[in-house]
Each structure stands twice: as structure tokens, then as C-alpha cells.
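This is a predicted model, so every value here is computed, not measured. Proteins come first, then strands; the chains are lettered A, B, ... in the order of their sequence lines, and each starts at number 1.
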2 protein chains.
Amino acid sequence: MSSVKPPKRRRARLDRAAIVEAADGIIARAGPDALSLRTVAKELGATPMALYRHVPDKDALLVLVLNALYERLPRPRLPRDPRGRLIALWIHLHAGLARYPWVVDALLNSDTIAPAVLPDIEAILEASLAAGLTLEQAARLYRMVWQHTVGELAVQSATAARTTPQKSAVLRTMKSAPPQRFPLLAKAAPHWAAVRAKSLYRDGLVALIDAALTTRTCGRQHPRP
Amino acid sequence: MSSVKPPKRRRARLDRAAIVEAADGIIARAGPDALSLRTVAKELGATPMALYRHVPDKDALLVLVLNALYERLPRPRLPRDPRGRLIALWIHLHAGLARYPWVVDALLNSDTIAPAVLPDIEAILEASLAAGLTLEQAARLYRMVWQHTVGELAVQSATAARTTPQKSAVLRTMKSAPPQRFPLLAKAAPHWAAVRAKSLYRDGLVALIDAALTTRTCGRQHPRP
DNA sequence: ACCTGAACACCGTTCAAGT
DNA sequence: ACCTGAACACCGTTCAAGT
């Protein structure tokens with residue numbers, strides 16, 4: 001019985017899906033700060049360098065993790081009117097990113113898009129055209145709302161990271177500001193804390209969209225079908 | 001001649017101002033990525049650890065650098081009407097941060113305020129009240145615009161960091177998207193590049209402010225003196 | 001083709017010791 | 001009071017070598 005070498009090669013121990021899953025697990029259990037190529041490798045019983053066969057670099061890995069999450073997200077019900085659709089789509093996009101807000105840095109650094117969001121971007125452009133914008137205006141509005149989204153995520157996740165909101169340095173600075181020089185700062189301090197609690201994303205979103213869809217002069221309104 | 005020890009102690013080699021100045025110099029010459037406690041110490045001919053006598057940690061140092069810059073900034077001329085004042089103040093604040101956009105991370109991480117901006121925040125609140133908002137509405141608007149500002153700075157500085165805008169991964173992804181599934185993405189690609197070039201900060205700012213100052217119903221407008 | 005080992009060139013920060 | 005030296009506990013990534 002001559003042993004013939006099977007043509008199929010030995011399966012690689014690692015592959016992209018396993019790496020992404022391991023990364024996701026580390027984040028879930030130990031938080032985003034615990035994620036490094038070394039910890040992912042250890043989780044898989046491999047060397048850090050083995051990962052580079054399957055993933056370009058760390059930022060790409062983060063985007064892959066986000067992409068996997070976004071694919072699992074249940075699709076939102078979309079209203080029929082373009083304005084409502086636009087709002088719903090961005091809320092959905094924002095909600096997806098809000099689960100992993102620290103990926104935004106990787107997204108910006110690597111200038112990448114998670115492929116899973118492409119359908120939503122297409123839908124956003126489609127809704128913008130349906131609302132009467134030109135493609136250029138739609139691109140403008142997209143970038144504006146994208147910036148708005150990035151900002152909300154950055155501020156919100158930084159606020160959330162602080163476990164004890166009581167001893168915020170900002171709030172202390174404002175409260176301890178000399179009232180004769182800064183009368184309003186001191187008075188506003190309690191409102192600050194209250195405003196921090198709830199998200200302002202939707203309100204800002206609606207303001208930006210409505211400003212783009214309606215002309216500045218209040219009388220002339222953009223025609224809706 | 002008996003030598004009497006002078007009561008004044010030997011001056012410390014380091015002080016906060018020197019450290020901030022050295023850090024500023026490194027950033028100016030070699031960029032923000034070159035800044036570390038080690039490089040600052042080397043610049044001053046000292047050990048990294050010597051810095052900790054004068055500055056709490058790295059984030060605090062970054063905020064101090066921003067603060068020094070902000071103090072050097074020429075004051076803007078402020079319009080008399082509250083809305084115009086609000087816009088001018090935020091444009092000024094944004095312009096200051098836009099010179100050192102990477103400090104925003106440190107600002108958010110450490111939950112700190114650069115003291116030099118306190119007068120502007122006070123002025124923003126004052127203008128908001130003059131425009132007819134309550135203090136709570138003013139705080140809300142402040143946070144909303146702050147998020148908007150953070151987002152614009154993050155996106156803009158990431159875009160600026162890319163030396164060759166031609167080979168942006170995002171633009172490549174959009175151009176190479178299958179046109180039958182994503183017809184608008186492909187068509188929008190050229191507009192994307194164009195929109196990236198110019199800042200949308202002012203437009204977004206005005207939209208957010210106007211939404212806060214006017215009621216949503218177009219008829220009733222906020223009274224202006 | 002896939003993976004390992006060792007190294008490079010760094011980080012911020014702590015601690016104990018010096019003057 | 002101010003500063004140093006050595007170390008801790010890490011990073012992402014490159015390179016040459018193994019199977």
C-alpha cells in the first residue's frame with residue numbers, strides 16, 4: 001500500500017474570520033484597550049506575526065471587527081418619505097458605530113469604509129436625490145452629517161469612559177470659575193451635567209438635514225412629492 | 001570674609017513654561033507624532049522623569065500647549081447681534097483648535113478645558129441668552145456645537161494627514177463598487193473628492209444655531225431686537 | 001504557503017535613590 | 001526640592017529563518 005500524498009494542503013491554522021472573532025471576543029470581555037495584535041495572537045495560540053498573513057495591520061483588523069458587527073445588526077424599517085428615510089438611515093449608521101466608537105479613529109486613520117455600510121451609503125444618496133438634492137449637494141450633506149456623527153461618537157464615548165461623572169475636571173473648572181468674571185459659567189454648571197446625560201445626535205442630525213433640504217428663507221420650502 | 005549661604009535657593013533648571021515651549025517647538029519642527037515626554041526631556045537636556053515635577057502627565061502637557069497657542073491668538077471682532085456673535089465666537093474657537101487638532105483627543109480623554117478659552121465660553125453663553133435661549137437651552141446648544149466642532153476637526157485633520165489624496169482607500173472603494181448594485185456611489189465619487197477640499201464647518205454651525213434659535217415651525221421666528 | 005523567534009525602535013509611568 | 005537611573009509593562013512592525 002503506497003502512501004500517496006493527498007493533493008489538498010494542510011489547512012492553515014489561522015484565517016481571517018477566526019482572527020476577527022478572537023478580536024471581537026477580547027473586546028467583549030476585556031474592553032478595547034486590551035486589544036493588541038499580541039493579545040489576539042495569544043488567544044489563538046499563535047505569534048503576533050502570524051496575523052500579518054491574514055490581515056494588513058491593526059487598523060484594518062478594527063475595521064473588520066466593525067464590519068462583522070454591522071452585518072449582524074438588524075435592518076431598520078425605512079419610512080417612505082425621503083427625509084424620514086435619510087434620518088432613519090443615519091440613526092442606524094450611528095447606532096452601529098456607537099457600539100464600537102473607538103473604531104472611528106481607525107476608520108479615519110486608514111481612510112477606509114467597512115464594506116457592510118456601502119448599501120446604507122447608497123440608500124442615503126438615493127434618499128437625498130429623492131428629496132430633491134443634486135448629487136453634489138447630497139455628497140456635501142453626507143460629509144457634513146458624517147462629521148457630525150464622528151463628533152458625537154467621540155464626545156459621547158469619552159464621557160462614557162469616565163466612570164465617576166461627579167469629579168469631571170471640566171465641571172470642576174466651571175464651578176470654580178470666579179463668578180464675578182464668569183457669572184454664566186458657574187450658573188450653567190448644573191445644566192452641563194444634565195445635558196451630558198442624553199444624546200443630542202438626533203436633534204443635530206435633523207437640523208443639518210432640514211437646513212440642506214429647505215432653503216434658508218423660511219417662506220420657500222423644498223417641494224415634497 | 002565669611003561666606004554666608006544666600007537664602008534664595010538655586011533656581012530649578014526646569015519649569016512649566018520651558019517645558020511647554022519645548023513641546024511647542026518639537027511640534028512645530030517635527031510634527032505632533034514626534035512629541036513624547038522623552039523627546040521633550042532630551043530637548044531640555046533632562047530626564048523624562050524630571051518633567052513629572054512640573055506637569056501631571058502627557059495629556060495635561062498637550063492641553064497646556066493648546067492653551068499657550070490660544071492665548072497668542074488675536075481676538076476676533078464680534079458683531080453686535082447675538083446670532084452673529086455666536087457664529088463668530090465658534091469660528092474663532094474652531095480656528096484655534098484647528099491649528100492643533102490632535103489636542104482634541106487629549107481634551108476629551110482628560111475631560112479638561114484650556115483655561116484660555118473660558119472667556120469665550122462665557123461669551124458664547126452670554127450671546128445665547130441675548131438671543132433668547134434659556135440657560136439650559138444654551139448649554140444644550142453649546143454641547144451640540146462642541147460635538148460638531150470635534151467631528152469636523154477629526155475628519156479634517158485625518159484628511160489633511162493623507163499626503164496623496166488620489167489614492168484614498170475610501171474613494172477607491174466607491175469607484176470600484178459594482179455600478180449595478182451601487183449606481184449612485186460610483187457616480188458620486190468625483191463629487192466626494194471635491195467636497196473634501198473645502199471646510200463645511202461654517203455651514204453646519206449656522207444650521208445648528210439657527211435650528212436652536214428659531215422654532216421648527218417656519219412661521220414663528222425668534223424675535224430679534 | 002504559513003508560521004516562528006528574535007529584534008528594532010519606541011511608548012508612558014513608577015519606584016527608589018541621589019544631591 | 002529637584003532630578004537621575006533603572007526598570008516595568010507594554011506597543012506595532014520588520015526581517016531572516018524555519019518547516
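Here the side chain of R16(B) pairs a donor or acceptor atom with the backbone of H54(B) at under 3.5 angstrom. Checking side-chain atoms of S168(A) against main-chain N and O of L171(A) turns up a donor-acceptor pair under 3.5 Å. Checked by atom type and distance alone, the side chain of R13(A) pairs as donor or acceptor with a backbone atom of G45(A) at under 3.5 Å.
Of the two residues contacting DNA chain C, namely G45(A) and A34(B), the nearest-nucleotide position lying further toward the 5' end is that of G45(A). With the nearest nucleotide of DNA chain D identified for both L37(A) and A46(B), A46(B) has the one nearer the 5' end.
The interatomic distance linking L35(A) (CG) with dG12(D) (C1') rounds to 12 Å, in whole Å. Rounded to whole angstrom, the span from the CG atom of D57(A) across to the P atom of dC11(D) amounts to 16 Å. In this structure, I26(A) atom CD1 and dC11(D) atom P are separated by 10 Å, rounded to whole Å. In this entry the distance linking NZ of K58(A) with P of dT13(D) reads 9 Å, nearest Å. The distance between atom CG of N109(A) and atom C1' of dC11(D), rounded to the nearest whole Å, is 15 Å. Between L62(A) atom CG and dC11(D) atom P there is a gap of 14 Å when expressed in whole angstrom units. Per the geometry, CG belonging to L51(B) stands 10 Å off P belonging to dG12(C), to the nearest Å. A straight line from NZ of K42(B) to C1' of dC11(C) spans 13 Å, rounded to a whole angstrom.
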Please list each protein N or O that sits under 3.5 Å from an N or O in nucleotides 6-10 of chain D, with the distance.
none

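Using a 4.0 Å cut-off between charged side-chain N and carboxylate O, R196(B) and D111(A) make a salt bridge. A salt bridge does not link D24(A) to R29(A): none of the charged side-chain nitrogens sits closer than 4.0 Å to a carboxylate oxygen. Between D203(B) and K198(B) there is no salt bridge, since no side-chain N of the basic residue sits under 4.0 Å from a carboxylate O of the acidic one.
Note on H54(A): a side-chain N or O is less than 4.0 Å away from OP1 or OP2 of dC3(C). Distances shown here put a side-chain N or O of R13(A) below 4.0 Å from the OP1 or OP2 atom of dT4(C). Residue Y52(A) places at least one side-chain N or O closer than 4.0 Å to OP1 or OP2 of dT13(D).
Here the nucleotide nearest the side chain of T39(B), chosen from dC11(C), dT4(D), dT4(C), is dC11(C). With distances taken from any side-chain atom of R53(A) to the nucleotides dT13(C), dC3(C), dT13(D), the minimum falls on dC3(C).
Spacing of P atoms, dA9(D) relative to dA9(C), comes out at 24 Å, to the nearest Å.
The aromatic ring centres of H191(B) and Y142(A) sit 6.0 Å or more apart.
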| task | Using a 3.5 Å limit on both pairing distances, list the dot-bracket string of DNA chain C from the 5' end; Watson-Crick and G-U wobble pairs count, crossing pairs take [ ], interstrand pairs take |. | result | ||.|||||...|||||.||
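Residues L37(A) and V40(A) fail the side-chain proximity criterion, which asks for heavy atoms closer than 4.5 Å. Inter-residue side-chain proximity for R53(B) and L14(B) is flagged as unmet; no heavy-atom pair is nearer than 4.5 Å.
A search for side-chain contact (heavy atoms from CB on, under 4.5 Å) contacts involving P119(B) returns R181(A), F182(A), not counting sequence neighbours.
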